Amino acid sequence: MRQSKFFMPTLKEAPSDAVAESHKLMIRGGYIRQVTAGVYAYLPLGYRVLRKAEGIIEDEMEKINVPEMIMPHLLPATLWQESGRYKKYGAEMFKLKDRHGRESLLGPTHEETFTEIIAKNLKSYKQMPLALYQIQTKFRDENRPRFGLLRGREFVMLDGYSFAATRDQLDEQFDDQKSAYKRIFKRAGVTVHPVIADSGTMGGKNSTEFQAPAAIGEDTIATNEKGTYAANLEMAKSIDTFKQEPEDAKELTKVATPDCDTIEKLAKFLNVPATRIVKSILYIADDQKVLVLIRGDKQINEVKLGHVLDADEVHEADTADLKEITGSEKGGVGPVNADWADKIIADETVKNLYNVVVGAGETDYQFENANLDRDFKVDEFADIRTANEGEPDPVDHLPLKFTTSIEVGHIFKLGTYYTKTMGADFLDQNGKAKPVIMGSYGIGVTRMLSAAVEQHLTEHGVAWPKEIAPFAIHIVQMKMNKEDQTELAEKLEKKFSEKYDVLYDDRKERAGVKFADADLVGAPIRITVGKKAADGIVEVKRPTDDKATEMSIDELDKFVNQELG
Ligand code: ATP
Ligand code: MG
């Protein structure tokens, strides 16, 4: 490809609203342009990278015998009403009406669409195990689209769905997909940790996220140094190492604690450690009033809490509700005589504590020397706390390390939620009707490209991983009016184009402009054809090299084969 004919509008400066380095690079390099918030045009350079990533996916799916297909973007609301997700999915769904007033939506994900096709077209256990996938544009009206391709409102996703007659088949499909995903990320040059994850609104258990560590990441993952434990912080477990020495139960005493609306203030005021305080927080879980208890030095994890309560929606009660329900303001709420609570649930850290401080059920008052069972009751204990960095992991008891990261993929065992609600049954060996068992698999393809850039930034540009680089070789001719240079550059272009994607900078531009653009293209090999062209000598540089190296044409051949081979 001749660069003089290529459309790559580069910029010296990134727009001021670009925060993420990958976003800046893609704008400056002329990979993408924003059309409206969270919606991008993929210019030729960006589209080449996208197509390469899609090619890797297609290749790896072929290897595990998963065929590609394509679903429509425009979907009828009825399909989603059937699964019960039309309301539940919330404001992220782009909804529209057609001329007859029929409600429609733009697909944010396609569980329903695939389940419907299977319900109508798969009849027997003999047709399973089966899996299908598509690479398709998805629409989600994200609350805060940002960071370029990392969180768009229109983005490209690989979404796959598996259909099984037995749990064992599902497990096997899941493992196949997991291995394929690992190979996809490896080939795309994106370092990922597969981590234990929450399955969100998808209604499934057993889910793994692929998290790419990056400075800009919106997620946090907790890992240990041996790599034997890795979880999204939303789900991470840790071992609580605190132990209180047993004490005899003392008399319950009410004390005034003015202006103590935080644990820190309260601990200071009463001169006790936070570990002697039990926090009481009122949550509304669907319609239930749930009092949640946790030791003063720990924080409640609402994702875990949601799972334990098996509620669709969980939120902390606001100030007005708190006062109305408990009769007390924040800091005064407590578990003693909390008859107003439908349920009292406590974190495991509340077990084995003696003579603790709890809210007295009255604003600015606490009880000292409260004891479990004697003074207050707990309906259920569970792990509902947020793990802290440095705490021992639950597998090898090694300190947990936190890393910010980007969720680039998510796979989960869905089970029979959709097939049951949408009537996708099959006949088993005995002719008995059973719901198909599903798995669901997704990669944010465009997000993955941002993750690749984030992980491969150089001082002035990017070093694209080989397999997704827009061009493998970038030939940069220094002076377009020198015939010997043109002759050599054209010769190299012709030769390498037989095997590789070559970009040939044949523009009448200054060297500085050409090199700056080359840094943004980030091809794995840059060949500069300059002064020594007549002697058959060029300069070669990889994006991560500090300096270019002079090479003869023979040496260059060897180098190219070795690097790209
Ligand atoms: P997130 O928590 O980041 O919103 P999600 O849980 O909503 O992600 P899934 O529904 O599991 O994401 O979608 C599958 C994959 O699609 C994700 O792993 C992610 O890589 C990608 N993805 C999700 N939302 C976006 C988005 N707004 N822009 C780009 N990619 C996205
Ligand atoms: Mg989301």
Side-chain angles (χ1 to χ4, degrees), residues 20 22-23 26 32 34 36-40 42 46 50 53-54 57 80 83 85 88-94 106-114 133-161 177-178 181-182 184-185 188 190 192-214 216-221 232-235 302-303 306 404-414 417-418 438-455:
S22 52
H23 185 193
M26 288 186 189
I32 56 170
Q34 181 175 300
T36 181
V39 178
Y40 291 87
Y42 300 88
L50 177 58
E54 291 175 351
I57 291 168
W80 285 64
S83 75
R85 279 210 298 182
K88 214 165 153 183
Y89 203 86
E92 256 179 45
M93 186 186 282
F94 274 107
L106 296 175
T109 175
H110 278 69
E111 280 77 7
E112 282 82 354
T113 334
F114 276 87
Y133 84 99
Q134 59 177 346
I135 300 175
Q136 193 207 40
T137 299
K138 296 286 190 268
F139 301 87
R140 293 186 187 180
D141 197 358
E142 297 278 356
N143 187 24
R144 291 186 67 196
R146 56 189 177 153
F147 306 145
L149 303 187
L150 279 174
R151 187 168 295 283
R153 295 197 301 159
E154 180 182 311
F155 58 96
V156 178
M157 185 162 121
L158 144 67
D159 53 325
Y161 306 88
Q177 294 270 353
K178 193 167 177 176
Y181 274 35
K182 284 186 190 165
I184 290 167
F185 292 121
V190 179
V192 293
H193 293 289
V195 307
I196 300 163
D198 176 36
S199 37
T201 60
M202 297 293 183
K205 286 203 171 71
N206 276 323
S207 95
T208 301
E209 276 171 3
F210 292 85
Q211 291 279 357
I216 197 74
E218 291 181 289
D219 285 24
T220 302
I221 57 168
N232 191 312
L233 184 55
E234 285 179 349
M235 298 292 281
E302 293 184 2
V303 173
T404 56
S405 70
I406 300 165
E407 179 198 320
V408 286
H410 193 180
I411 58 177
F412 36 98
K413 298 179 185 173
L414 275 179
Y417 177 81
Y418 294 95
M438 278 178 75
S440 157
Y441 314 88
I443 290 181
V445 187
T446 39
R447 180 184 284 188
M448 177 175 86
L449 304 183
S450 294
V453 174
E454 292 289 337
Q455 290 186 345

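Predicted model, so just to flag it, every value in this text is computed and none were measured. Atoms considered below: every heavy atom in the structure, side chains included; atoms not considered: hydrogens, waters and symmetry mates. Along the sequence shown, residues carry numbers from 1. All ligand and atom numbering here is 1-based and tracks the order in the structure.
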Peer 1: Just by distance, do the side chain of Arg153 and the backbone of Ala37 share a donor-acceptor pair under 3.5 Å?
Peer 2: yes
Peer 1: Taking atom CD of Glu234 and atom CD of Glu209, what is their separation to the nearest 0.5 Å?
Peer 2: 6.5 Å
Peer 1: Please tell me whether Arg85 and Tyr418 have a donor and an acceptor in their side chains that are separated by less than 3.5 angstrom.
Peer 2: yes
Peer 1: Which ligand 1 atoms are under 4.0 Å away from a heavy-atom of Leu150?
Peer 2: 28 (N), 29 (C)
Peer 1: With a 4.0 Å heavy-atom cut-off (strictly under), which part of Arg151 contacts ligand 1: side chain, backbone, both or neither?
Peer 2: both
Peer 1: Using a 4.0 Å cutoff against the non-hydrogen atoms of Gly444, which atoms of ligand 1 qualify?
Peer 2: 15 (C), 16 (O), 20 (O), 21 (C)
Peer 1: Hey, is Arg153 touching ligand 1 through its side chain, its backbone, both or neither, going by heavy atoms under 4.0 Å?
Peer 2: neither
Peer 1: Short list, please: which atoms of ligand 1 are under 4.0 Å from a heavy atom of Met157?
Peer 2: 13 (O), 14 (C), 16 (O)
Peer 1: Using a 4.0 Å cutoff against the non-hydrogen atoms of Leu149, which atoms of ligand 1 qualify?
Peer 2: 29 (C)
Peer 1: For atom 11 (O) of ligand 1, which of His410, Arg144, Glu154, Arg146 has the closest heavy atom?
Peer 2: His410
Peer 1: Hey, is Val408 one of the residues with a heavy atom under 4.0 angstrom from ligand 1?
Peer 2: yes
Peer 1: In terms of atom number and element, which parts of ligand 1 are under 4.0 angstrom from non-hydrogen atoms of Glu142?
Peer 2: 24 (N), 26 (C), 27 (N)
Peer 1: Looking only at the side chains, is there a donor atom on one of Glu154 and Thr137 sitting less than 3.5 Å from an acceptor on the other?
Peer 2: no
Peer 1: Does a donor on one side chain sit under 3.5 Å from an acceptor on the other, for His410 and Ser207?
Peer 2: yes
Peer 1: Any chance you could measure Ile406, atom CD1, to Thr404, atom OG1, to the nearest 0.5 Å?
Peer 2: 8.0 Å
Peer 1: Between the side chains of Ser83 and Glu111, is a donor N or O closer than 3.5 angstrom to an acceptor N or O?
Peer 2: no
Peer 1: Please indicate whether any nitrogen or oxygen in Thr446 is less than 3.5 Å from any nitrogen or oxygen in ligand 1.
Peer 2: no
Peer 1: Run the numbers for me: atoms of ligand 1, each under 4.0 Å from some heavy atom of Arg140, listed by number.
Peer 2: 5 (P), 7 (O), 9 (P), 10 (O), 12 (O), 13 (O), 23 (C), 24 (N)
Peer 1: Looking at every non-hydrogen atom in both residues, tell me the closest pair between Tyr181 and Ile443 and how far apart they are.
Peer 2: CE2-CG1, 3.3 Å
Peer 1: Decide whether an N or O pair under 3.5 Å exists between Phe155 and ligand 1.
Peer 2: no
